[in-house]
Trainee: 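I have a structure I would like to understand better, so I am pasting it below and will then ask my questions one at a time.
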Amino acid sequence: MRFSKMFIPTLREAPSDAEAASHILMIRGGYVRQLAAGLYIFLPLGWRVLGKITAILKEEMDAIGAQEISMPVLHPAEVWQQTGRWTAIGAEMFRLKDRNDRDFCLGMTHEEIMTWMASREIRSYRDLPQTWYQIQTKLRDEARPKSGVLRTREFIMKDSYSFDTDEQGLDHNYRLHAEAYHRIYNRCGVKFMQVESDPGMMGGGYSHEFMAPSPAGEDEVALCPKCGYAANVELASSVPPSIADEDWQTEELHTPEKRTVGEVSRFLKVDPAYFIKCVLMITEKEPVLVLVRGDQEVHEKKLARIVDSHRPAQKNEVKDILGIEAGFIGPMGRRNMKIIADPCLKQGSYISGANRQHYHVKGIKADRDFFAEWHDIHIARQGDFCAVCGAELTVERVIEIGNIFKLGTKYSAALKAVFLDENGNEKPIVMGSYGIGPARIAAAAIEQNYDKDGIIWPRSLAPFDIELIPLNMNDTATVEAAERLYRELQQQHIDVLMDDRDLRPGVKFKDADLIGIPTQVILGEKNLREGLVEIKNRKTRETVKVNIEKALDTICSLTTT
RNA sequence: CGGGGCGUAGCGCAGUCCGGUAGCGCACACGGUUCGGGACCGUGGGGUCGAAGGUUCAAAUCCUUUCGCCCCGACCA
């Protein structure tokens, strides 16, 4: 490809509304343009990168026996109504009506439609197992699209779905997918880890996420360096650092106008870890008192798994329900109320609200002064200890680049996707679903590999294998040498971009670094007179001069390793 | 959905407080000099100042409404 013919609108300056490195560089490098919030156009370079990724996805999916198909993006409401997700999912689903006033939605994912297909055609255990996948557009009306291509309202996803007769079959397909994902990320050159995750709205009991470590990520994972425990902090269990047991007598303390743990802690000069943080939550059934240690915080998702939907009580609700202002509520004596407490409060003696205006109580002990249901509900933090082996956990920020779910029979039961087993018994198909976002892989690859001058693509994702840079387009010798090398490289099926623009060398160098093709071949007048060209590594900036006759071989050996 | 910020030429910005009819850099076009890390000189084109309404002799600037975009939070397969 000739640079002069290709649409590569590079930008000298970063757009003011971009923050993440991948966002800035994809725009500056002419890879993408934004149409509206969360809607991106992939320009030729960007589309080539996605093409590289989807090619890898197809190879690895095909290799585990998955079959590529393609499903509509426009879905009739009925199918989603049958699984209950038409109502379970809120504003995040794009909904519309056709001319006959029939309800439709735009597909956020394809469990429903895949299962619908299976329900129509799968009859017998002999038809199973099956794995179907597609690389296709999803639409979600995200509350907050952000970070360029990382969180968008429309995006391409590789989604596969496995159909099995039993749990063993599902286990097998789940494992095959996990292994394929490992190969995919390795081939794409992104650093990643597999962690336990919350299945959330997908339902089913078991799922993992694949995470690319990056400060630009939106998720956090807790990792144990010793035993390898790895989980999204949404569900990671951890043991907070223990505190010395204080043998306090129960006593009320006057704490005028001191309401938060921080305020009372400073006022009494006692570490926040010796407090019980006490929050009133309103659930559908009843108000619930939620307790964590003063230095910890409640994790909404962990709590949601126990009490379902809930919200913090308003100030006036606290007063109505507990009869005391929010700053002074405590667990003591609240026998006829549901209390959920974090297990780290079982031991020790604590300070909390006295249920009396401007007073706190010191010396509160579990199972004496209050009685609770014990659940891990605190947010796992750096410095907490592993619940499995006791080693110190680290917490890292990550980009979610894939997930795998064991769905079980949730969708097949709802949509009557059933088969007859060997004994003629009707059973629901056992399903799994598996997603990967190619644009997120591309963004993660950039977040993990860039410098001040631009992108540094892993070879497997780069839009071209090499960039040829003839410096002076007015020098016949340069142009002839470049054209010859260009032809020869193409004959070797090496993807080559030749910057044949009649521009100053500086501009070409800057653009080349920005675009980030891993190998640059520089043809300068002086070197050519000695029969030499330069081969430069974008990442290390190391340059070797080689004889032009040997350039082809050298480049070939670079691009194949 | 709550909080904050920003909408002025393709991009980055100034001008808004204090009203007087729009400017800078880059990019673009043409001419010339240049040519190994985003050159220089000259000439030139390009803007309903996000939109609507209002105040005023006069609005990018003041007031009201509205739309869009970004960031933080909530939410999120």
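Residue numbers begin at 1 in each chain, while the letters A, B, ... track the order of the sequences. What you see below is based on every heavy atom in this structure, not just the backbone, and it leaves out hydrogens, waters and symmetry mates.
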Trainee: When we call it a touch if two heavy atoms are under 4.0 Å apart, what does A:Arg28 touch: a base, just sugar-phosphate, or nothing?
Mentor: base
Trainee: Kindly state whether the ring of A:Tyr206 and the ring of A:Tyr174 have centres lying under 6.0 angstrom apart.
Mentor: yes
Trainee: List the atom of A:Met6, the atom of A:Pro44, and the distance in Å for their closest heavy-atom pair.
Mentor: CE-CB, 3.6 Å
Trainee: Contact class for A:Tyr161 vs. all strands (heavy atom < 4.0 Å): base, sugar-phosphate, or nothing?
Mentor: nothing
Trainee: Between atom CG in A:Asp475 and atom C1' in B:G36, what is the gap in whole Å?
Mentor: 13 Å
Trainee: Say you pick atom C1' in B:G38 and the same atom in B:G25; how far apart are they, in whole Å?
Mentor: 14 Å
Trainee: Any base atoms under 4.0 Å from A:Asn527, or only sugar-phosphate, or nothing? Heavy atoms, all strands.
Mentor: base
Trainee: If B:G47 has a Watson-Crick or G-U wobble mate with both distances under 3.5 Å, name it; if not, just say none.
Mentor: none
Trainee: Mind checking the C1' distance from B:C41 to B:G50? Whole angstroms is fine.
Mentor: 38 Å
Trainee: Provide the Watson-Crick or G-U wobble partner of B:A58, both distances under 3.5 Å; none if there is no partner.
Mentor: none
Trainee: Surrounding CD of A:Glu297 (heavy atoms of other residues, nucleotides or ligands, distance under 6.0 Å), is the total greater than 12?
Mentor: no
Trainee: Which heavy atom in A:Thr478 sits nearest to a heavy atom in A:Leu528, and how many Å separate them?
Mentor: CA-CD1, 3.5 Å
Trainee: Partner lookup for B:A74, please. Criteria are Watson-Crick or G-U wobble with both distances under 3.5 angstrom; report none if nothing qualifies.
Mentor: none
Trainee: Applying a 4.0 Å non-hydrogen cut-off, can you work out what A:Ala18 is touching in the nucleic acid: base, sugar-phosphate, or nothing?
Mentor: nothing
Trainee: Check if the side chain of A:Asn472 and the base of B:G36 share a donor-acceptor pair of N or O atoms closer than 3.5 Å.
Mentor: no
Trainee: Nearest whole angstrom, please: distance from the C1' of B:G36 to the CE of A:Met473.
Mentor: 16 Å
Trainee: Between atom CZ in A:Arg144 and atom P in B:C72, what is the gap in whole Å?
Mentor: 5 Å
Trainee: For A:Ile8 and B:A27, what is the distance between atoms CD1 and C1' respectively, to the nearest whole Å?
Mentor: 17 Å
Trainee: If you look at every heavy atom in A:Glu154 and A:Leu39, which pair is closest and at what distance?
Mentor: CB-CD2, 3.7 Å
Trainee: Counting the atoms with a prime plus P, OP1 and OP2 as sugar-phosphate, which does A:Lys146 contact under 4.0 Å by heavy atoms, base, sugar-phosphate, or nothing?
Mentor: sugar-phosphate
Trainee: Taking all non-hydrogen atoms of both residues into account, name the closest pair between A:Arg33 and A:Pro9 and its distance.
Mentor: NH2-O, 2.7 Å
Trainee: Which whole number of Å gives the distance between the P atom of B:A39 and that of B:G2?
Mentor: 48 Å
Trainee: Suppose we define a pair by two distances each less than 3.5 Å, Watson-Crick or G-U wobble; what does B:U16 pair with here?
Mentor: none
Trainee: Rounded to whole angstrom units, what separation is found between the CE atom of A:Met108 and the C1' atom of B:C75?
Mentor: 12 Å
Trainee: Write down the distance separating the C1' atoms in B:A51 and B:G12, rounded off to the nearest Å.
Mentor: 24 Å
Trainee: For B:G10, give its Watson-Crick or G-U wobble partner with both distances under 3.5 Å, or none.
Mentor: B:C26
Trainee: Go ahead and name the base partner of B:U64; Watson-Crick or wobble counts if both distances stay under 3.5 Å, otherwise write none.
Mentor: B:A52
Trainee: Tell me what A:Glu112 touches on the nucleic acid: a base, only sugar-phosphate, or nothing, going by heavy atoms under 4.0 Å.
Mentor: nothing
Trainee: As a test of reading the structure: which of B:C35, B:A74, B:A39 is closest to the side chain of A:Asn474, going by heavy atoms?
Mentor: B:C35
Trainee: Using purine N1 to pyrimidine N3 plus N6-O4 or O6-N4 for Watson-Crick, or N1-O2 and O6-N3 for G-U wobble, each under 3.5 Å, what pairs with B:C69?
Mentor: B:G5
Trainee: What integer distance in Å separates A:Leu150:CG from B:C70:P?
Mentor: 13 Å
Trainee: If we take the P atom in both B:A59 and B:C17, what is their distance in whole Å?
Mentor: 14 Å
Trainee: Please work out if A:Thr543 contacts a base, only the sugar-phosphate, or nothing of the nucleic acid, heavy-atom cut-off 4.0 Å.
Mentor: nothing
Trainee: What is the pairing partner of B:G38, taking Watson-Crick or G-U wobble pairs with both distances under 3.5 Å in any strand?
Mentor: none
Trainee: Classify the side chain of A:Asp513 and the base of B:G37 as holding, or not holding, a donor-acceptor pair under 3.5 Å.
Mentor: yes
Trainee: What nucleotide among B:G38, B:C70, B:G73 has an atom nearest to a side-chain atom of A:Lys510?
Mentor: B:G38
Trainee: For the residue pair A:Met157 and A:Gly435, what are the closest heavy atoms and their distance?
Mentor: CE-CA, 3.6 Å
Trainee: How far does the P atom of B:C26 sit from the matching atom of B:G20, given to the nearest Å?
Mentor: 27 Å
Trainee: Starting from P on B:C35, measure out to CZ on A:Arg501 and report it in whole angstrom.
Mentor: 20 Å
Trainee: So, for A:Ile515 and A:Gly29, which heavy atoms are closest and what is the spacing to 0.1 Å?
Mentor: CG1-O, 4.0 Å
Trainee: Roughly how far apart, to the nearest Å, are B:U16 and B:C62 at atom C1'?
Mentor: 10 Å
Trainee: Any chance you could measure A:Leu532, atom CG, to A:Lys526, atom NZ, to the nearest 0.5 Å?
Mentor: 13.5 Å
Trainee: NA contact type, A:Ala37, heavy-atom cut-off 4.0 Å: base, sugar-phosphate, or nothing?
Mentor: sugar-phosphate
Trainee: Write down the distance separating the P atoms in B:C6 and B:A14, rounded off to the nearest Å.
Mentor: 10 Å
Trainee: Pick the closest RNA chain B nucleotide for A:Thr10 and for A:Leu503 by heavy atoms, then say which residue is nearer the 5' end.
Mentor: A:Leu503
Trainee: B:G36, B:G38, B:C70: which one has an atom nearest the side-chain heavy atoms of A:Arg12?
Mentor: B:G38
Trainee: Hey, which sits more toward the 5' end of RNA chain B by its nearest nucleotide, A:Arg504 or A:Arg541?
Mentor: A:Arg504
Trainee: Produce the list of close N/O pairs, under 3.5 Å, pairing protein atoms with atoms of nucleotides 8-14 of chain B; give distances to one decimal.
Mentor:
| unit_1 | atom_1 | unit_2 | atom_2 | d |
| --- | --- | --- | --- | --- |
| B:G12 | OP1 | A:Ser16 | N | 3.0 |
| B:G12 | O2' | A:Glu13 | OE2 | 3.1 |
| B:C13 | OP2 | A:Ser16 | OG | 3.1 |

Trainee: Heavy-atom count check: over 12 atoms from other residues, nucleotides or ligands less than 6.0 Å from A:Tyr450 OH?
Mentor: no
Trainee: Just how far, in rounded Å, is P of B:C69 from CG of A:Leu39?
Mentor: 8 Å
Trainee: Can you tell me which residue among A:Gln448, A:Arg440, A:Glu447 is in a side-chain hydrogen bond (donor to acceptor under 3.5 Å, both in side chains) with A:Ser22?
Mentor: A:Glu447
